[in-house]
There are 2 protein chains.
Amino acid sequence: MLSEAKFAETRQCGDCPIRHRAVCARCDSDELVQLDKIKFYRNYEAGQMIAWAGDQMDFVASVVTGIATLTQVMEDGRTQMVGLLLPSDFVGRPGRETATYNVVATSDMTLCCFRKKPFEQLMSSTPHIAQRLLEMTLDELDAAREWMLVLGRKTAREKIASLLCIIARRNAALQMLATEGEITFDLPLTREAMADYLGLTLETVSRQVSALKRDGVIRLEGKRHIIVPDFDRLMQEAGDDGDGGFLN
Amino acid sequence: MLSEAKFAETRQCGDCPIRHRAVCARCDSDELVQLDKIKFYRNYEAGQMIAWAGDQMDFVASVVTGIATLTQVMEDGRTQMVGLLLPSDFVGRPGRETATYNVVATSDMTLCCFRKKPFEQLMSSTPHIAQRLLEMTLDELDAAREWMLVLGRKTAREKIASLLCIIARRNAALQMLATEGEITFDLPLTREAMADYLGLTLETVSRQVSALKRDGVIRLEGKRHIIVPDFDRLMQEAGDDGDGGFLN
DNA sequence: CGTTATTTTGACGGAATTCAACCATCGTGG
DNA sequence: CCACGATGGTTGAATTCCGTCAAAATAACG
């Protein structure tokens, strides 16, 4: 935690791990200098609240390391996750004062933050940032719509398989691995978080994970480490036969 | 239909009904001249396919009049609507060759189309268009996430009430009416389309509409005309007590 | 090692789907 | 004019998948 903080403070844009994917990806060196002036790093511990829905948000940020979730909660406590923020993803919305959703750090995290006002000014003066943000927002919209199909039309088993597919894909993309043959990854979510993502109860999640294991679609090492012997089989279980189509 | 087409051909940007909300909303008169050069109107009849998922899309467009839907379809036919396109909404994605979803005209429609290549060039030269598109995309993303809560966590009755709320709100916004006291509007969707939007079967939709009628939450005139005596009551039924929070 | 969080598993009930029949409306052509 | 199919909608009965409630097992933690 301490080394993480020190690491963050001494970080330069040049060697930033998300440099090529984040909102700053299109910036040239001049623009990076501008960004550098208004950026600051912030660290969060696993379980910490980053923002409450309705709260004032005076900054926007890029996820540098770690995982966060966006959730909506109804008065009676029913919870739906509406976004999973991974490294390079953007947090917050320019042009809006308050947070729309709860943002929770699922793991220890580092954010690269920008005070909102200066960032908005920078956005209007350097089109590269707005361009990249538009691109990222369009991708997120596609992902959200893909997720609407999962929530609205898939069975519990298909939902679990879909989630595993997505995490596997993102993991592979991050590590430049192929999604063929045997694949291995860690689940960054508890059963409850999976349930909130999938619109299920945690009991149903547990049962369906067990069922996929029983049927040889996946193997488990501990509760969180997943081994997928045949990725095509998993995709079939997810109902995304053929082309599939999940983004990043 | 004929008068509609003629109407479309003679249309000038100045008196366009969606001028202040569409992707061109921020444009000054010079920029409108540029847009004018590459725009053309296209009419569709109710039920017509505007684009098939996977097909080449050589234009983007704004909805001028009418309603269209975005849908995803699984191999076995399960269908989920992922977007409802109303006047001023944007169709298509700059920087992408093919359509991601099926786009279907639900009513007779007029689109204001732009060939994609010139539009993309215009986007990079006139930041006002990209700015507005970013804003609209962020709004759509919020709407999609709101919908994820509906799909994932609400009961059938709440889903129906939520849909009615949204349509009522959009209708009120379009006609500059208040959402208080008695509200009246037409359902632009069949029971099946509602089911595809809500992740239900059409039978369940029918039953829950009847139940809301039986309980006095709504009244019906014919199958499609809805009367809401008390909008707050409807919102309560939707589970959006208090602040609510649906965007339009 | 005890305490707490997380997960698994079982039994049961209920909300929504499935399958099926029936009704209303509308345009068409005999 | 009315029989007719076609389309969209309603309603009923049986089934099923998932949620709820409960308890036990496992892992995490000070």
Side-chain angles (χ1 to χ4, degrees), chain A residues 1 45-47 74 76-80 104 106-108 150-164 186-215 218-226 237 239, chain B residues 45-48 69 74 76-80 104 106-107 150-164 186-215 218-226 237 239:
Chain A
M1 196 46 225
E45 289 173 44
M74 294 171 68
D76 60 6
R78 280 176 284 176
T79 300
Q80 177 65 51
V104 188
T106 290
S107 66
D108 289 350
V150 175
L151 289 172
R153 291 305 188 190
K154 293 195 177 179
T155 64
R157 169 183 265 244
E158 289 171 330
K159 285 180 175 182
I160 300 291
S162 297
L163 179 58
L164 296 179
D186 280 312
L187 264 183
L189 303 172
T190 65
R191 297 286 184 263
E192 187 177 20
M194 292 172 69
D196 286 343
Y197 208 143
L198 297 167
L200 297 171
T201 59
L202 63 89
E203 293 95 329
T204 300
V205 170
S206 179
R207 274 186 254 274
Q208 295 299 335
V209 170
S210 297
L212 288 176
K213 186 173 74 175
R214 174 170 41 71
D215 299 345
I218 59 174
R219 277 179 287 139
L220 291 185
E221 256 169 31
K223 299 294 180 195
R224 296 290 194 88
H225 192 74
I226 306 277
E237 292 287 353
Chain B
E45 290 174 43
Q48 229 182 320
T69 62
M74 295 172 67
D76 60 7
R78 280 177 284 175
T79 300
Q80 177 64 50
V104 188
T106 289
S107 66
V150 174
L151 289 172
R153 291 304 187 191
K154 292 195 178 179
T155 64
R157 169 184 264 245
E158 289 171 330
K159 285 180 176 183
I160 299 290
S162 297
L163 178 58
L164 295 180
D186 280 311
L187 263 183
L189 303 172
T190 65
R191 297 288 184 262
E192 187 177 21
M194 292 173 70
D196 286 343
Y197 209 143
L198 297 168
L200 297 171
T201 59
L202 63 90
E203 292 95 329
T204 301
V205 170
S206 180
R207 275 186 253 273
Q208 296 298 335
V209 170
S210 298
L212 287 175
K213 186 173 72 174
R214 174 170 41 71
D215 298 345
I218 60 174
R219 276 180 288 139
L220 291 185
E221 255 168 30
K223 300 296 178 193
R224 295 290 194 89
H225 192 73
I226 306 277
E237 293 287 354

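Lettering of chains follows the sequences in order, A, B, ..., and the numbering in each one begins at 1.
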| task | Indicate yes or no: does Glu237(A) engage Lys159(A) in a salt bridge with an N to O separation below 4.0 Å. | result |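 Here Glu237(A) does not pair with Lys159(A) in a salt bridge, since their nearest N and O are not under 4.0 Å apart.
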| request: Please check if the side chain of Asp76(A) supplies one atom and the backbone of Arg78(A) the other of a donor-acceptor pair under 3.5 Å. | output: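 Answer holds: yes.
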Value in whole Å for how far the [atom2] atom of [N] lies from [atom1] of [X]:
| X | N | atom1 | atom2 | value |
| --- | --- | --- | --- | --- |
| Ile160(B) | dA16(C) | CD1 | P | 10 Å |
| Arg78(A) | dG19(D) | CZ | P | 12 Å |
| His225(A) | dT6(C) | NE2 | C1' | 19 Å |
| Lys159(A) | dG19(D) | NZ | C1' | 12 Å |
| Arg224(A) | dA5(C) | CZ | C1' | 11 Å |
| Met194(A) | dT8(C) | CE | C1' | 14 Å |

| said: I need the minimum non-hydrogen distance between Leu151(B) and Tyr197(B), along with the two atoms involved. | reply: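 So the two residues come closest at CD2-O, 3.6 Å.
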| field | Smallest separation among heavy atoms of Thr201(A) and Ala195(A), with atom names | value |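 Of all heavy-atom pairs spanning Thr201(A) and Ala195(A), the closest is C-CB, 3.6 Å.
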| Over 12 non-hydrogen atoms of neighbours within 6.0 angstrom of CD in Glu192(B) |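 No, not enclosed.
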| field | Criterion side chain to side chain contact (heavy atoms under 4.5 Å, CB included) on Ile160(B) and Leu212(B), from CA distance to verdict | value | CA-CA 9 Å; Ile160(B) 299 290; Leu212(B) 287 175; 3.6 Å; yes
Using atom names, set out every protein N or O paired with an N or O of nucleotides 10-18 of chain D below 3.5 Å, distance rounded to 0.1 Å.
| unit_1 | atom_1 | unit_2 | atom_2 | d |
| --- | --- | --- | --- | --- |
| dT10(D) | OP1 | Arg191(B) | NH2 | 3.2 |
| dT10(D) | OP2 | Arg191(B) | NE | 2.6 |
| dT10(D) | OP2 | Ser206(B) | OG | 2.9 |
| dT10(D) | O5' | Ser206(B) | OG | 3.2 |
| dT11(D) | OP2 | Ser210(B) | OG | 3.0 |
| dG12(D) | N7 | Arg207(B) | NH1 | 3.0 |
| dG12(D) | O6 | Arg207(B) | NH2 | 3.3 |
| dC18(D) | OP1 | Ala156(A) | N | 2.8 |

